[in-house]
Colleague: 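Supplied in structure tokens, the structure appears directly below.
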Amino acid sequence: MNVQDRIDRRRSARREQSIVVDWTHLSPVVHRPEPIGRGPVLEQLLDAFEPVFDDELPEPVAVVGPPGSGTSAIVTALFDALDDRLGESSRPIETTTRAGGGTRVTSFVAVDARRVESAFAFYRTLLSALSPEPVPESGIGTGDLRDRLRERLDRPSRRAVVAIDHHDEPETLGYDRARQLLEPVTERVSTVAVGQDEPDGWTGETVSVPAYRHHELVDVLTDRASTGLAAGAVDHELVRDLAVWADGNAHDGLAALFTAARAASDAGADRIGAEHVQRAKASVPEGSVNVDRALAVSETRQRVLLDLVSIEARDRPIREVAAAISDRSELTTGTVKRFLYELADRGVIERVQLPGSGSGRRPSTVEPRFPTVVFQSLSSSTDVDMALD
DNA sequence: ACCTGGTCCCGGGCTCGGTTTT
DNA sequence: AAAACCGAGCCCGGGACCAGGT
């Protein structure tokens with residue numbers, strides 16, 4: 001965002017007497033182009049990628065870190081910057097006729113395995129990152145896309161480093177699967193596995209991202225608050241409190257900060273108070289998963305999740321919950337039921353066993369495992385009046 | 001044995017590029 | 001050049017069937 005935009009935001013926030021200048025700066029799913037306090041990890045990654053500066057492919061690398069440690073944030077920031085320097089965009093128009101094969105290009109593509117699950121989607125994502133022309137979204141075969149990708153990379157001067165982000169979450173594109181899909185272009189592509197753990201049987205190099213220490217997380221939250229909130233809208237002590245509570249998990253910390261801002265803003269308060277922070281903590285479940293995992297599911301499923309948080313689902317068996325949700329939507333009870341089971345498999349919601357009721361198998365209910373208020377605010381299927389500007 | 005929860009899978013419809021026919 | 005058609009992936013509906021409890 002440029003300076004003009006920042007000034008405009010301030011002015012409109014002031015006019016509307018809002019304590020929030022820009023929600024995106026508070027969002028846990030938006031990454032900073034310059035990660036805070038991650039210098040050492042960036043250096044380690046640059047070491048691992050060193051060969052690209054000699055136009056060689058690096059060896060595969062695994063980047064691992066606990067939830068909320070910012071592995072995705074670091075990799076996306078680094079990949080954006082590297083692609084900017086070494087990718088196609090920085091080079092003059094390629095002169096294919098020139099002797100020597102033209103300039104060498106190394107593209108850096110981070111694939112979000114949460115959103116790219118099928119072979120088709122995988123090839124499509126790579127192709128649209130590697131080629132300037134638009135790639136069809138449907139109406140074309142997977143094999144066709146794979147052939148196009150091979151053609152695209154079938155020149156000695158072209159190579160790509162592909163990160164598979166979130167490869168080790170349930171129902172996402174696994175690292176081995178991605179390697180398998182890349183077999184036709186294996187000479188031109190190196191891969192980076194980004195997740196909480198290394199892929200099974202990993203023998204390559206690993207870069208570990210430690211959880212944030214308390215004072216580092218304070219810096220992260222303060223940085224976001226300083227650009228996202230109006231001046232003096234939050235006390236430093238409250239930010240410290242949040243950082244300690246989040247215990248090194250930047251996602252949880254940001255989700256709570258976002259929710260506290262939402263609560264204060266909805267209440268028309270002129271600053272975030274302790275009571276808002278209190279409520280915010282309560283709306284981030286224990287052992288919460290990243291809200292982006294809920295935001296990555298299809299729109300109809302997101303609507304089911306929104307209904308789930310707005311009905312009273314506690315202690316009611318799945319059958320009843322599904323019926324209640326299908327009453328509010330176009331979907332049949334059977335479909336909602338299936339969705340709920342699938343979402344539980346993905347880890348977005350959690351199944352909790354209920355006491356048995358007479359005969360039959362013991363029922364269970366489902367509870368959200370994501371920060372509900374953040375999800376409600378950011379979901380694409382949210383009603384307009386709830387959505388953010 | 002019987003009941004209900006939970007899993008799995010497939011047919012059909014939808015959208016949308018690409019291809020053939022008019 | 002336009003229209004009709006085809007086939008791709010993806011999503012929803014729904015039913016068959018398996019698992020675990022009384």
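Basis for what follows: all heavy atoms, side chains included, without hydrogens, waters or symmetry-related copies. On a predicted model such as this, the values are computed, not experimentally measured, just so you know. Chain naming here is simple, since letters A, B, ... match the order of the sequence lines and numbering starts at 1 in each.
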Colleague: Check this for me, if you would: do A:R346 and A:E117 make a salt bridge, where the nitrogen-to-carboxylate-oxygen distance has to be below 4.0 angstrom?
Modeller: yes
Colleague: Could you walk me through whether A:R155 and A:V105 pass side chain to side chain contact (heavy atoms under 4.5 Å, CB included), step by step?
Modeller: CA-CA 10 Å; A:R155 262 171 290 163; A:V105 174; over 6 Å; no
Colleague: Atom CZ of A:R146 to atom C1' of C:dA8: distance rounded to whole Å?
Modeller: 14 Å
Colleague: Specify the separation, in whole Å, of atom CZ of A:R115 and atom C1' of C:dC11.
Modeller: 18 Å
Colleague: With a non-hydrogen cut-off below 4.0 angstrom, is A:G141 in contact with a base, only sugar-phosphate, or nothing?
Modeller: sugar-phosphate
Colleague: Check whether A:T125 reaches the backbone of A:V111 with its side chain - one donor and one acceptor, N or O, closer than 3.5 Å.
Modeller: no
Colleague: Taking OP1 and OP2 of C:dG9, is either one under 4.0 Å from a side-chain nitrogen or oxygen of A:T142?
Modeller: yes
Colleague: Taking the inter-plane angle between the rings of A:W23 and A:F258 on a 0 to 90° scale, is it parallel (under 30°), tilted (30 to 60°) or perpendicular (over 60°)?
Modeller: tilted
Colleague: Which residues within residues 123-131 of chain A lie with some heavy atom under 4.0 Å of an atom in DNA chain C?
Modeller: none
Colleague: May I ask you to say whether A:E299 pairs ionically with A:R303, meaning some side-chain N is under 4.0 Å from a carboxylate O?
Modeller: yes
Colleague: Rounding to an integer number of Å, can you tell me how far A:R301 CZ sits from C:dG13 P?
Modeller: 10 Å
Colleague: For the pair A:S379 (side chain) and A:F375 (backbone), establish whether a donor and an acceptor sit closer than 3.5 Å, ignoring hydrogens and angles.
Modeller: no
Colleague: Once each nucleotide of nucleotides 3-17 of chain B is scored for protein heavy atoms under 4.0 Å, what B/S/- sequence comes out, 5' to 3'?
Modeller: BBBBB-B------BB
Colleague: With A:R38 as the cation and A:Y212 as the aromatic partner, state whether NZ or CZ is under 6.0 Å from the six-membered ring centre and within 45° of the axis.
Modeller: yes
Colleague: Stepwise, does the salt bridge (Lys or Arg N to Asp or Glu O under 4.0 Å) test hold for A:D266 with A:R262?
Modeller: CA-CA 6 Å; A:D266 289 350; A:R262 182 97 225 173; 3.7 Å; yes
Colleague: Could you tell me the separation between the CZ atom of A:F339 and the C1' atom of C:dC10, rounded to a whole number of Å?
Modeller: 11 Å
Colleague: Taking OP1 and OP2 of C:dG14, is either one under 4.0 Å from a side-chain nitrogen or oxygen of A:T335?
Modeller: no
